[in-house]
Asker: 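The structure that follows is given in the form of structure tokens.
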Amino acid sequence: MKTYKFTINGNKYTVDINNIEDGKAEVEVNRTPYTVELEMDEMKVSAPKVVKVAAPAAPKAGTTQANVSKAPAAPTASGATIKSPLPGVVLDVFVHEGDSVKAGQHVMLLEAMKMENNIDAPKDCVIKQIRARKGDSVMEGDVLIVLE
């Protein structure tokens, strides 16, 4: 296993590369596991290509806070999840595991691109698991909260 430390837009990420096999890498970014498909350079089979990721659109001038009214939810074996809508740092978590929340209730505060973004519950539900804690750096699509 190799460990790398990256700073992207001021956010620190620890990336552990656990295994690379058949063009797929098993990695962990800030303790969150991912399976990544690699595009291999024909000349250097062992070196993955760098893939550009487009940054989210810049906020309108004069805005200081954005409200993410419906963070993306995806079904899991046990329910739905609230995922990070963009890369950032968790500033605060407003709920605890086992809490009942209403649709639209603020559950987390995420700083992204120097803006504070409220992450809201997509529906009336119960918080089953909180996967991101205050101070954690998260990537777009990371699961923040698991719902029942």
Side-chain angles (χ1 to χ4, degrees), residues 1-39 48-148:
M1 174 172 74
K2 290 190 176 188
T3 300
Y4 298 92
K5 297 202 182 273
F6 296 100
T7 301
I8 302 171
N9 295 332
N11 297 317
K12 296 184 185 238
Y13 300 95
T14 301
V15 179
D16 296 315
I17 300 176
N18 298 323
N19 185 29
I20 298 176
E21 188 175 316
D22 297 327
K24 291 187 180 183
E26 294 174 10
V27 301
E28 290 183 17
V29 179
N30 292 346
R31 297 182 311 263
T32 303
Y34 295 94
T35 299
V36 179
E37 293 184 25
L38 304 174
E39 293 183 26
K49 287 184 179 179
V50 174
V51 179
K52 284 189 174 183
V53 177
K60 292 180 182 178
T63 59
T64 58
Q65 185 172 12
N67 200 16
V68 181
S69 60
K70 293 195 177 183
T76 64
S78 59
T81 59
I82 297 175
K83 294 184 177 185
S84 178
L86 44 147
V89 176
V90 176
L91 294 181
D92 207 350
V93 179
F94 304 125
V95 294
H96 300 283
E97 291 178 0
D99 285 356
S100 293
V101 295
K102 299 284 184 192
Q105 179 178 336
H106 299 328
V107 294
M108 192 172 285
L109 184 63
L110 179 72
E111 179 184 24
M113 297 174 47
K114 299 183 182 177
M115 288 182 55
E116 293 180 352
N117 300 277
N118 287 311
I119 307 298
D120 298 339
K123 61 182 182 176
D124 292 356
C125 56
V126 175
I127 304 298
K128 181 174 182 179
Q129 182 183 26
I130 299 173
R131 292 197 182 169
R133 306 284 178 211
K134 185 175 181 177
D136 284 356
S137 293
V138 296
M139 299 293 290
E140 181 177 351
D142 284 356
V143 175
L144 303 174
I145 296 176
V146 177
L147 309 171
E148 284 185 350

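Atom set for the values below is all heavy atoms of this structure, side chains included, hydrogens, waters and symmetry mates excluded. Since this is a predicted model, take the numbers as computed values, not measurements.
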Asker: As an exercise, state the distance from CD of Glu26 to CD1 of Ile17, rounded to the nearest 0.5 Å.
Answerer: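 One finds 11.5 Å between CD of Glu26 and CD1 of Ile17.
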Asker: Report the residues that fulfil side chain to side chain donor-acceptor pair (under 3.5 Å) with Glu97, sequence neighbours left out, ordered by chain and then residue number.
Answerer: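 Applying side chain to side chain donor-acceptor pair (under 3.5 Å) to Glu97 gives none.
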Asker: Testing the basics here: between Val126 and Ser100, what is the closest heavy-atom pair and its distance to 0.1 Å?
Answerer: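 Taking Val126 first and Ser100 second, the nearest heavy atoms are CG2-OG, 3.8 Å.
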Asker: Check for a donor-acceptor pair, side chain of Asp16 on one end and backbone N or O of Val27 on the other, with a separation under 3.5 Å.
Answerer: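 Looks like no, no N/O pair under 3.5 Å.
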Asker: Would you sort out whether Leu144 and Val107 count as a side-chain contact (heavy atoms from CB on, under 4.5 Å), showing the intermediate values?
Answerer: CA-CA 10 Å; Leu144 303 174; Val107 294; over 6 Å; no
Asker: Tell me, with the steps shown, if Leu147 and Ile127 meet side-chain contact (heavy atoms from CB on, under 4.5 Å).
Answerer: CA-CA 5 Å; Leu147 309 171; Ile127 304 298; 3.8 Å; yes
Asker: Donor-acceptor check, side chain of Asp136 to backbone of Val90, threshold 3.5 angstrom: yes or no?
Answerer: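 Absent.
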Asker: If I compare all heavy atoms of Asp120 with all of Gly104, which pair ends up nearest, and what's the gap?
Answerer: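 Looks like CG-O, 3.5 Å.
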Asker: Would you give the length of the straight line joining atom CD of Glu116 to atom CD of Glu111, rounded to the nearest 0.5 angstrom?
Answerer: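 Between atom CD of Glu116 and atom CD of Glu111 there are 7.0 Å.
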Asker: Once rounded to the nearest 0.5 Å, what's the spacing between atom NZ of Lys123 and atom CD1 of Ile82?
Answerer: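 Answer for the NZ-CD1 pair, Lys123 versus Ile82, is 9.5 Å.
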Asker: Quick check for you: to the nearest 0.5 Å, what is the distance between Phe94 atom CZ and Met108 atom CE?
Answerer: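 Answer rounded to 0.5 Å: 9.0 Å.
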Asker: Is there side-chain contact between Ser84 and Leu110, with heavy atoms separated by less than 4.5 Å?
Answerer: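 Ser84 vs Leu110: side chains touch.
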Asker: Run the side chain to side chain contact (heavy atoms under 4.5 Å, CB included) test against Lys102 and tell me which residues pass, sequence neighbours left out.
Answerer: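 Result, side chain to side chain contact (heavy atoms under 4.5 Å, CB included) vs Lys102: Gln105, Asp124.
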Asker: Do the non-hydrogen side-chain atoms of Ile119 and Ile145 ever get within less than 4.5 Å of each other?
Answerer: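 With C-beta onward as the side chain, the pair stays apart.
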Asker: Enter the distance from His106:NE2 to Asn118:CG here, rounded to the nearest 0.5 Å.
Answerer: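 Atom-to-atom, His106:NE2 and Asn118:CG are 4.0 Å apart.
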Asker: Can you measure from OG1 (Thr7) to NZ (Lys12) and round to the nearest 0.5 angstrom?
Answerer: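 Answer rounded to 0.5 Å: 4.5 Å.
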Asker: Taking only residues two or more places apart in sequence or in another chain, which ones pass side chain to side chain contact (heavy atoms under 4.5 Å, CB included) with Val143?
Answerer: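 Val143 satisfies side chain to side chain contact (heavy atoms under 4.5 Å, CB included) with Thr81, Lys83, Arg131, Val146 only.
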Asker: Just do the side-chain contact (heavy atoms from CB on, under 4.5 Å) check on Val138 and Asn30 with the steps written out, would you?
Answerer: CA-CA 8 Å; Val138 296; Asn30 292 346; over 6 Å; no
